[in-house]
Amino acid sequence: QTISGLARLSLGQSKLRNLPTAAGSVDADLDVFGGSLGLRHLARLKQSRGAGGFGDTYLESRIEIGVEATSPDLQPSRAPNPLKRLELSVGLVFRSVWGHLRLLVSYLDVGEVLR
């Protein structure tokens, strides 16, 4: 059983061309900022070891809370800037000598985007 923390920071640039808005189309260069904090729980369900390698099966659950923002703030959909995000995930992780296979189901809430 493992409990781990997660922190992400993202910075970048985006070029928008012909973005439709109420006032017409917009061309813009945006700076994009984002960050999140999370917590992950991993519990081993099955473990096998042998001459041919190994195989493990885990149950993974994760919660992540973050924000994403752009500068300048275009507000094409009247979404809040920064956009707050909540993600809840649960799934199975299979690990062997060939690598990892992660099958997750996620719930994503970004609040009210269209008003």
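Owing to the predicted nature of the structure, the values given are computational and were not obtained by experimental measurement.
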>> Does any part of the side chain of Gln13, heavy atoms only, come nearer than 4.5 Å to the side chain of Asp29, both counted from C-beta?
In response: no
>> With a 4.5 Å cut-off on side-chain heavy atoms, are Val67 and Phe33 touching?
In response: no
List the atom of [X], the atom of [Y], and the distance in Å for their closest heavy-atom pair.
X: Ala7; Y: Leu37; answer: CB-CD2, 3.9 Å
X: Asp27; Y: Asn18; answer: OD1-N, 2.8 Å
X: Leu9; Y: Gly34; answer: CD1-O, 3.4 Å
X: Arg85; Y: Ser36; answer: NH2-CB, 3.5 Å

For the hydrophobic clusters of this structure (ILVMFWY residues joined by side-chain heavy atoms under 4.5 Å, transitively), does one cluster hold both [X] and [Y]?
X: Phe54; Y: Leu45; value: no
X: Ile3; Y: Ile63; value: yes
X: Tyr107; Y: Val90; value: no
X: Leu108; Y: Leu83; value: yes
X: Leu11; Y: Leu6; value: no

Starting at [atom1] of [X], measure out to [atom2] of [Y] and round the result to the nearest 0.5 Å.
X: Tyr58; Y: Arg95; atom1: OH; atom2: CZ; answer: 4.0 Å
X: Glu60; Y: Arg40; atom1: CD; atom2: CZ; answer: 4.5 Å
X: His41; Y: Ser4; atom1: NE2; atom2: OG; answer: 10.0 Å
X: Arg44; Y: Leu42; atom1: CZ; atom2: CG; answer: 8.5 Å
X: Glu64; Y: Leu88; atom1: CD; atom2: CG; answer: 10.5 Å

> Is Asp109 reaching over with its side chain to a backbone N or O of Leu86, donor-acceptor style, under 3.5 angstrom?
Replying inline: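 No: the side chain of Asp109 does not pair with the backbone of Leu86.
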> Side chain of Ser14, backbone of Leu30: donor and acceptor closer than 3.5 Å?
Replying inline: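 Pair absent, no side-chain N/O of Ser14 close to backbone of Leu30.
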